[in-house]
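Each residue takes its place number in the sequence, starting with 1. Whatever order the structure lists them in is the order used to number ligands and atoms, beginning at 1.
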Amino acid sequence: MAESKPVRTPLSELGEFGLIRRLTEGIELKQPTSLKGVGDDCAVLRPPSGQEVLVTTDLLLEGIHFDLSYVPLRHLGYKAVAVNVSDIYAMNGTPAQVTVSIGVSQRFSVEDLEELYYGIRAACQFYDVDLVGGDTSASLTGLSISVTAIGYAPKDAICYRSGAQVNDLVCVTGNYGAAFMGLQVLEREKKVLKDHPEATLDLKQYTYVLQRHLQPQARRDAVEMLREAGLKPNAMMDVSDGLSSEILHICHASGVGARIYPERIPIDQQTLSVCEEMGMDPLTAALNGGEDYELLFTVPLAAQKKVDDMGINTIGYIAKPEAGVVAVTSDGSEVPIRAQGWNAFGGKDAK
Ligand code: ADP
Ligand code: MG
């Protein structure tokens, strides 16, 4: 039986307003802070009484941040929302709204954008945020997506990067390097398919690392767990650009140094085996890979038992600024940590 071709409605058939209507159809506002969503010149929000408003934006461009030859549109939509709410959680806030702006070329159909919005809506539901607006424009080439997330937090709950104190524990949720290795697998398979279009790929043994790249999760659970334990980090951020780069950010913002023990950095078993298969150093992937969307935070030394009990790993200690930001190797020698993670302009970070 011949496969039926998927329906592809050209964007021009609906026009801008028809498209916006189609994409935002049936969206319900669930947050008490959302007074008005899609459909007017502005969304109208009311912050919970006495709380501060947190706002964050990320821009995702085709060919720079994602490759549609192996990233399904629904995963992309989900990820675009997840990475933004991750930034709100990283401030110890609670995300409540997002706006989504898209630039789309004629290469995309209405059905393609519905796929993208399927993922966006799924993430909104998962993280309990309302989609309250956005903008839609034609583009000459490719797809671009910009998501803005809005969240709230009591003033005293907000965790800045600048709050780390000497002798704090440096803690991390989850494990590192998996998303980066997932990306390496996808890039490798893309090359295989280019040279051998008839090849069939078996990706079963890569499920975890692929998922970590394609569908990252914001660590809402960890933030809630810390809150329930009555533990407020002195400094916190999410790990998007690579663990080493983020450690440096916290240390610079706080005016402190750090001693990090690389063997304590959690790395998943599958990440280790993919690294071995590809001849890559797992620690390099873990420190510099990026896109882990885990949380890096510091807490006072006295919180050691609490974080241990939560299954959160301590990878080092905050030190005086004179100590520098160093990795302590197994023989006790100290090597300066440098940022070699993702950098939007390709150069090394100046810091
Ligand atoms: P304006 O001309 O005032 O910018 P638009 O016609 O662009 O308004 O948008 C109409 C409504 O639809 C607004 O509420 C806007 O926030 C919402 N909107 C537009 N594009 C999107 C989108 N891609 N996703 C979600 N909401 C959108
Ligand atoms: Mg507009």
Chemist: Taking a cutoff of less than 4.0 Å between a non-hydrogen atom of the residue and any ligand atom, is V38 in contact with ligand 1?
Modeler: yes
Chemist: Can you name the atoms of ligand 1, numbered from 1 with element, that are less than 4.0 Å from a heavy atom of T24?
Modeler: 25 (C), 26 (N)
Chemist: With side-chain hydrogen bond (donor to acceptor under 3.5 Å, both in side chains) as the test, pick out the partner of T9 among R22, E111, E114.
Modeler: E111
Chemist: Taking only heavy atoms of V100, which atoms of ligand 1 are found under 4.0 Å from at least one of them?
Modeler: 22 (C), 23 (N), 24 (N)
Chemist: Output the list of atoms in ligand 1 that are nearer than 4.0 Å to some heavy atom of G133, sorted by atom number.
Modeler: 16 (O), 25 (C), 26 (N), 27 (C)
Chemist: So, E224 and Y89: side-chain donor and acceptor under 3.5 Å apart, yes or no?
Modeler: no
Chemist: What do you reckon, does T136 have a nitrogen or oxygen under 3.5 Å from a nitrogen or oxygen of ligand 1?
Modeler: yes
Chemist: Less than 3.5 Å between some nitrogen or oxygen of L131 and one of ligand 1, yes or no?
Modeler: no
Chemist: Is V71 linked to L113 within one hydrophobic cluster, defined over Ile, Leu, Val, Met, Phe, Trp and Tyr using a side-chain heavy-atom separation of less than 4.5 Å?
Modeler: yes
Chemist: Report yes if some N/O of S101 lies less than 3.5 Å from some N/O of ligand 1; otherwise report no.
Modeler: no
Chemist: Under 4.0 Å from a heavy atom of D40: give me the atoms of ligand 1 that qualify, with their elements.
Modeler: 13 (C), 14 (O)
Chemist: At under 4.0 Å between heavy atoms, is it the side chain or the backbone of T99 that contacts ligand 1, or both, or neither?
Modeler: neither
Chemist: More than 12 heavy atoms of other residues, nucleotides or ligands under 6.0 Å from CZ of R46: yes or no?
Modeler: no
Chemist: Check whether the side chains of T298 and N234 place a donor and an acceptor atom closer than 3.5 Å, and report yes or no.
Modeler: no
Chemist: Salt bridge or not for R107 and D112, using N-O below 4.0 Å?
Modeler: no
Chemist: Just which atoms of ligand 1 are under 4.0 Å from any heavy atom in D41?
Modeler: 3 (O)
Chemist: Please determine if R21 and E16 form a salt bridge, counting it only when a charged side-chain N lies under 4.0 Å from a carboxylate O.
Modeler: no
Chemist: Does one side chain, of Y206 or Q211, offer a donor that lies under 3.5 Å from an acceptor on the other?
Modeler: no
Chemist: Quick check: G39 and ligand 1, any N/O pair under 3.5 Å apart?
Modeler: yes
